[in-house]
Amino acid sequence: MPYNGCLHMSFSELGLAPEIVRAVAERGYDTPTPIQRQAIPAVLSGGDLLAGAQTGTGKTAGFTLPILQLLSTRPSRHPGPRAPIRALILTPTRELAAQVEDSVRAYGRHLPLRSMTVFGGVGMNPQVEQLKTRIDILVATPGRLLDHVQQRTVELGHVEILVLDEADRMLDMGFIRDIRRVLALLPKQRQNLLFSATFSDDIRKLADGLLDRPAMVEVAPRNATADRVEQQVYRVERASKRHLLAHLVRSQDWHQVLVFVRTKHGANRLAEQLSKSGLPALALHGDKSQSARTRALASFKDGSLRILVATDIAARGIDISELPHVVNFDLPNVAEDYVHRIGRTGRAGSSGAAVSLVSAEEQPLLAAIEKLIRRPLPIQVHPEFEADDAPEAAAPPARTQRAAPVPGKRVPATRARAPQGRDGGGRPAAARPEPSARADGPRRADRGDRRRRPA
Ligand code: AMP
């Protein structure tokens with residue numbers, strides 16, 4: 001991920017031990033990302049941290065690297081084979097838990113620290129057995145962690161560092177009570193790190209109760225500025241969406257497409273329809289068994305599966321770098337989810353395209369997204385799949401470009417730009433006055449990359 005700025009900054013200058021710097025280099029990274037530059041020294045200082053950063057910014061290393069450093073340099077108060085858990089990382093999903101622990105292992109490979117994951121959807125017993133051994137860093141989803149607490153197979157009374165990763169998502173998923181139950185089991189004296197992409201009132205309330213004079217770091221979600229993500233909107237009738245999707249995949253030769261739908265049922269149905277039409281697709285959602293989810297993800301990652309149809313929650317935390325295409329088959333009900341979704345593309349410095357298929361009923365959702373990202377999205381109409389009932393008012397003609405039909409032939413997918421064109425930097429130029437910013441919206445480009453400690 002080629003991050004600009006502070007080009008001479010290295011991981012060792014952030015105060016990290018040679019074993020950790022070596023492991024980071026072996027993973028292929030030499031320059032810390034903005035969130036890493038800010039979060040690592042803050043965590044190493046031992047204080048609490050409130051961090052505004054979403055997936056894709058390098059946030060995971062932002063907390064795992066300093067935690068590894070702190071634990072390896074600070075002797076455990078309970079050495080021995082059954083020493084208690086010293087760092088607890090809570091994540092909203094199993095996928096994210098697995099990915100975070102993967103980072104812990106990779107970055108800690110030259111250190112004598114041990115880690116494991118605890119999440120639902122798999123048997124308790126292997127976890128129970130592993131928990132009998134020494135585990136320094138536990139990465140867990142809240143529900144399964146509480147199952148272990150209930151069975152007294154985990155001991156949280158000596159946790160030195162707590163991380164709430166993607167805290168906003170954990171609240172969205174209804175984990176607040178579970179989180180509070182876990183907090184009650186932790187020793188009062190500890191370091192707390194809270195990572196969240198957005199800051200709703202509920203997050204602020206949680207942070208107020210949890211954090212003691214936290215350092216605050218924040219970076220703009222890269223994709224809210226959409227520097228690297230080409231965004232397109234197709235106006236299309238609801239019933240034609242799947243045909244347009246199949247057409248785009250084929251005609252533009254898309255090889256790896258993550259398609260977002262709103263419901264599990266919708267995911268199953270679309271995956272089935274696409275597969276039947278000759279485009280192999282699998283659905284990824286919370287009702288699938290863990291092994292089915294792992295299999296689907298693995299084949300999508302290795303390129304043998306062309307299309308993965310996912311719900312927002314299931315897709316959360318999927319880390320596939322250089323994912324070239326994301327399709328919003330349904331627009332999300334919550335505008336912030338659009339930013340999370342398109343954050344799946346253009347990861348690790350590559351470029352990506354996010355295509356939204358928008359029916360007439362979804363126009364208000366599109367308007368909310370444009371307000372949030374503070375720019376109009378170029379709208380395209382494909383004559384063959386055009387929405388008859390699309391209200392002109394919702395999509396002014398000035399923003400619409402129509403692909404010319406080819407007589408007697410299927411029309412090639414349009415790559416037309418909106419008339420406002422591009423500003424030369426690969427960014428659609430704003431054609432409308434900017435809607436006012438929302439006070440509680442996610443981090444914005446203009447907030448930049450800064451750090452402050454409140455008085
Ligand atoms: P995250 O936001 O933690 O999910 O990280 C997003 C992606 O960036 C992951 O694939 C990381 O492995 C990768 N990454 C993390 N730190 C760096 C770095 N310093 N340079 C380049 N890529 C990184």
Side-chain angles (χ1 to χ4, degrees), residues 35 39 48-57 59-60 62-64 67 85 87-101 103-104 117-121 137-150 154 156 159 161-186 190-211 214 216-218 221 284-286 290 293 310-319 332-334 336-337 339-341 343-344 440-443:
I35 190 71
D48 284 359
L49 176 74
L50 179 59
Q54 69 166 142
T55 304
T57 55
K59 69 178 170 63
T60 313
F63 61 82
T64 51
I67 288 176
I85 289 152
L88 173 65
I89 302 168
L90 290 184
T91 70
T93 64
R94 324 166 210 203
E95 283 80 10
L96 189 60
Q99 281 167 24
V100 168
E101 204 240 346
S103 295
V104 171
T117 48
V118 150
F119 50 68
I137 301 171
L138 182 67
V139 188
T141 53
R144 177 53 70 92
L145 180 64
L146 286 169
D147 293 342
H148 282 286
V149 166
Q150 206 153 24
V154 72
L156 300 175
V159 168
I161 306 172
L162 168 75
V163 182
L164 298 185
D165 190 18
E166 304 204 353
D168 50 348
R169 193 50 50 154
M170 285 200 275
L171 297 197
D172 287 352
M173 289 169 71
F175 283 140
I176 186 63
R177 291 185 61 186
D178 287 352
I179 290 172
R180 293 205 184 282
R181 286 178 60 199
V182 172
L183 293 181
L185 301 165
L186 304 179
R190 60 171 199 270
Q191 187 176 8
N192 299 293
L193 318 177
L194 188 152
F195 282 75
S196 186
T198 55
F199 285 90
S200 62
D201 287 348
D202 285 341
I203 287 286
R204 282 181 226 277
K205 211 157 56 182
L206 178 66
D208 282 349
L210 179 69
L211 306 174
M216 293 167 70
V217 303
E218 49 189 356
L284 186 78
H285 55 67
Q290 181 60 28
R293 284 151 61 123
T311 56
D312 286 289
I313 286 175
R316 193 71 189 159
I318 295 178
D319 175 26
N333 282 327
V334 179
E336 278 85 354
D337 281 343
V339 178
H340 289 303
R341 287 178 176 190
R344 304 286 153 209
D440 63 345
R443 302 313 190 201

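By convention here, the first residue in the shown sequence is residue 1. These values consider heavy atoms only, across backbone and side chains, with no hydrogens, waters or symmetry-generated copies.
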Apply side-chain contact (heavy atoms from CB on, under 4.5 Å) to Asp178 and list each qualifying residue two or more places apart in sequence or on a separate chain. Pro142, Leu146, Phe175, Arg181
Check whether any side-chain heavy atom of Leu88 lies under 4.5 Å from a side-chain heavy atom of Ile161, and answer yes or no. no
If you define the side chain from C-beta out and look only at heavy atoms, does anything of Val182 sit under 4.5 Å from Ile179? no
Between Lys59 and Glu166, does the side-chain contact (heavy atoms from CB on, under 4.5 Å) criterion hold? Intermediate values first, please. CA-CA 10 Å; Lys59 69 178 170 63; Glu166 304 204 353; 3.4 Å; yes
Only one of Asp208, Leu49, Leu50 clears side-chain contact (heavy atoms from CB on, under 4.5 Å) with Pro214; which? Leu50
What are the two closest heavy atoms between Arg144 and Gly121, and how far apart are they? NH2-N, 3.8 Å
What I'd like to find out is whether the side chain of Phe199 reaches to under 4.5 Å of the side chain of Arg204, using heavy atoms alone. yes
Min side-chain heavy-atom separation Val154-Ile85 under 4.5 Å: yes
Out of curiosity, Leu183 CG to Leu162 CG, how far, rounded to the nearest 0.5 Å? 6.0 Å
Is the backbone N or O of Leu211 less than 3.5 Å from a side-chain atom of Asn192, with the two atoms forming a donor-acceptor pair by type? no
Can you confirm whether Leu206 sits close enough to Ile176 that some side-chain heavy atom of one is under 4.5 Å from a side-chain heavy atom of the other? yes
Could you report the tightest heavy-atom contact between Gly62 and Ala39, atom names first, then the distance? O-CB, 3.8 Å
Report the distance from atom CD1 of Ile137 to atom OG1 of Thr64, rounding to the nearest 0.5 Å. 8.5 Å
Do Asp172 and Arg169 sit within salt-bridge range, that is, some charged N less than 4.0 Å from a carboxylate O? yes
Can you tell me how far the CD atom of Gln54 sits from the CD1 atom of Ile35, to the nearest 0.5 Å? 11.0 Å
I'd like to know if the side chain of Asp168 reaches the main chain of Ala197, judged simply by a donor and an acceptor atom lying under 3.5 Å from each other, with no hydrogens or angles considered. yes
Measuring only between side-chain heavy atoms, which start at C-beta, is Val118 closer than 4.5 Å to Val139? no
CZ of Phe63 to CG of Leu164, rounded to nearest 0.5 Å, is 10.0 Å
State, without any angle test, whether Thr91 and Asp165 hold a side-chain donor-acceptor pair at a distance under 3.5 Å. no
Taking side chain as C-beta onward, heavy atoms only, is Leu145 less than 4.5 Å from Leu138? yes
Distance (rounded to the nearest 0.5 Å) between Arg177 CZ and Leu171 CG: 14.0 Å
Which atoms form the tightest heavy-atom contact between Ser103 and Thr60, and what is the distance? OG-CG2, 3.8 Å
Could you pull out all residues at least two apart from Arg293 that satisfy side-chain contact (heavy atoms from CB on, under 4.5 Å)? Arg94, Glu95, Leu284, Lys288, Gln290
Test your reading of the model: is there a side-chain donor-acceptor pair from Thr57 to the backbone of Ala53, 3.5 Å cut-off? no
Counting C-beta onward and ignoring hydrogens, is there a side-chain heavy-atom pair between Thr141 and Met170 closer than 4.5 Å? no
Which one of Leu90, Ile89, Thr117 satisfies the side-chain contact (heavy atoms from CB on, under 4.5 Å) criterion with Val100? Ile89
Gln191: side-chain hydrogen bond (donor to acceptor under 3.5 Å, both in side chains) partners, not counting sequence neighbours: none
